[in-house]
Chemist: 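Submitted below is the structure of interest, expressed as structure tokens.
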Amino acid sequence: MLSAKDQKTALEKELGQNLESVRARINQALDRCGEPQRNVTIVAVTKKQPLDRILALTRLGHLDFGENYVQEGLEKMRAVGESGIKWHFIGGLQSNKAKYIPGMFQLVHSLDSLKAAQALHKKAGSLGLVQEVLIQVNLARETQKSGVVEEDLPGLCREISRLENLRLSGLMLMPPLARDPEESRPYFTRLRRMRQRLEEDLGLFLPHLSMGMSQDFVQAVEEGATLIRIGTLILGPRPGCAYVPGS
Ligand SMILES: *Cc1c(COP(=O)(O)O)cnc(C)c1O
């Protein structure tokens, strides 16, 4: 029988190996595209994951965590406590929930409306801070997905860059669910080009591309990702979720 302490160690070992293997594949992808110096942050996606797994990951020194749900995220923050952890908000952002984000989540990946931007701006202003945000783009125009469609992106960027309590620092993408990760690549390429065009046309500095999940992060890194959002490959399958990437 394993004691509780040994079990913890076994869990930490498992998660540590998962992290190392993702990091090794990132480094290989960066070498392949000739950019070994590019910084790629692994955001560990905690939605629906049990707290013991999240805590084990923090004990390994992992600092970037992503949540889809405001309420669930705030509960996890309380449980995990303050320890230099950076929380990323990656879920659908309703403007009535935006007021809970500034001061709690350091980076919003999924901003997709002016209304939510104004709510974030107002709350950040009242706290005397600047909220860093990315805009989520819905390149495939999937009706069930969050994100702005391509033609609305320049206008929204312009409006957001006028809000002094927001700092727009890049774009985020969730490509359509695909069997083969290579099907995601054209979307990643398009997002990178879109970022470049916005920087040139609007004079913005957009260093971040948040793209790539368990199934397609290698392709995303090869196409320029600086933030990848990984759930299953690091924390394991979500309880009650039959889907396993790559299976
Ligand atoms: C769930 C989720 C992820 C991680 O998905 P995995 O396939 O488990 O890596 C990444 N980004 C968003 C927005 C998600 O909702």
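Each ligand, and each atom within it, is numbered from 1 in the order the structure gives.
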Chemist: In terms of side-chain geometry, is the basic nitrogen of Glu72 or Lys48 positioned less than 4.0 Å from the acidic oxygen of its partner?
Modeler: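 Looking at Lys48 together with Glu72, the answer is no, because their closest N to O distance does not fall below 4.0 Å.
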
Chemist: Could you tell me whether Thr232 approaches ligand 1 through its side chain, its backbone, both or neither, with non-hydrogen atoms closer than 4.0 Å?
Modeler: both

Chemist: Report, in ascending order of atom number, the atoms of ligand 1 lying under 4.0 Å from any heavy atom of Ile230.
Modeler: 9 (O)

Chemist: Looking at Glu151 and Arg141, does any basic side-chain N land under 4.0 Å from a carboxylate oxygen?
Modeler: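 Salt bridge present between Glu151 and Arg141.
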
Chemist: Nearest heavy atom to atom 3 (C) of ligand 1: which of Lys48, Met213, Gln49 does it belong to?
Modeler: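 It is Met213 whose heavy atom sits nearest to atom 3 (C) of ligand 1.
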
Chemist: Which one holds for Arg238 and ligand 1: side chain close, backbone close, both close, or neither close, with close meaning a heavy atom under 4.0 Å?
Modeler: side chain

Chemist: Find all atoms of ligand 1 within a distance of less than 4.0 Å from any non-hydrogen atom belonging to Met174, and give their numbers and elements.
Modeler: 13 (C)

Chemist: When only distance counts, is Gln215 in polar contact with ligand 1, meaning an N/O pair under 3.5 Å?
Modeler: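 In fact, backbone or side chain, Gln215 has no N or O that close.
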
Chemist: Indicate whether the side chain of Gln136 and that of Ser146 have a donor and an acceptor atom separated by less than 3.5 Å.
Modeler: no

Chemist: Measuring from non-hydrogen atoms of Ile90 to any atom of ligand 1, is the shortest distance under 4.0 Å?
Modeler: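 Right, Ile90 reaches ligand 1.
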
Chemist: With respect to atom 4 (C) of ligand 1, which of Gly236, Gly231, Gly91 exhibits the smallest heavy-atom separation?
Modeler: Gly231

Chemist: Give the atom numbers and elements of ligand 1 that come within less than 4.0 Å of a heavy atom of Arg229.
Modeler: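 Result: 4 (C), 9 (O), 10 (C), 11 (N), 12 (C), 13 (C).
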
Chemist: Report the residue from Glu182, Glu183, Arg185 that forms a side chain to side chain donor-acceptor pair (under 3.5 Å) with Gln219.
Modeler: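 Exactly one candidate clears the test, Glu182.
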
Chemist: I'd like to check which ligand 1 atoms, numbered from 1 as shown, lie under 4.0 Å from a non-hydrogen atom of Asn68.
Modeler: 14 (C), 15 (O)

Chemist: Working to the nearest 0.5 angstrom, can you tell me the gap between Leu139 CG and Met174 CE?
Modeler: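 It is 13.0 Å, given to the nearest 0.5 Å.
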
Chemist: On the 0 to 90° scale, with breaks at 30° and 60°, tag the Trp87-Phe65 ring pair as parallel, tilted or perpendicular.
Modeler: tilted

Chemist: With distance as the sole criterion, is a donor-acceptor pair present between the side chains of Ser210 and His109 under 3.5 Å?
Modeler: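 Their side chains do contain a donor-acceptor pair, which is all the 3.5 Å distance test asks for.
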
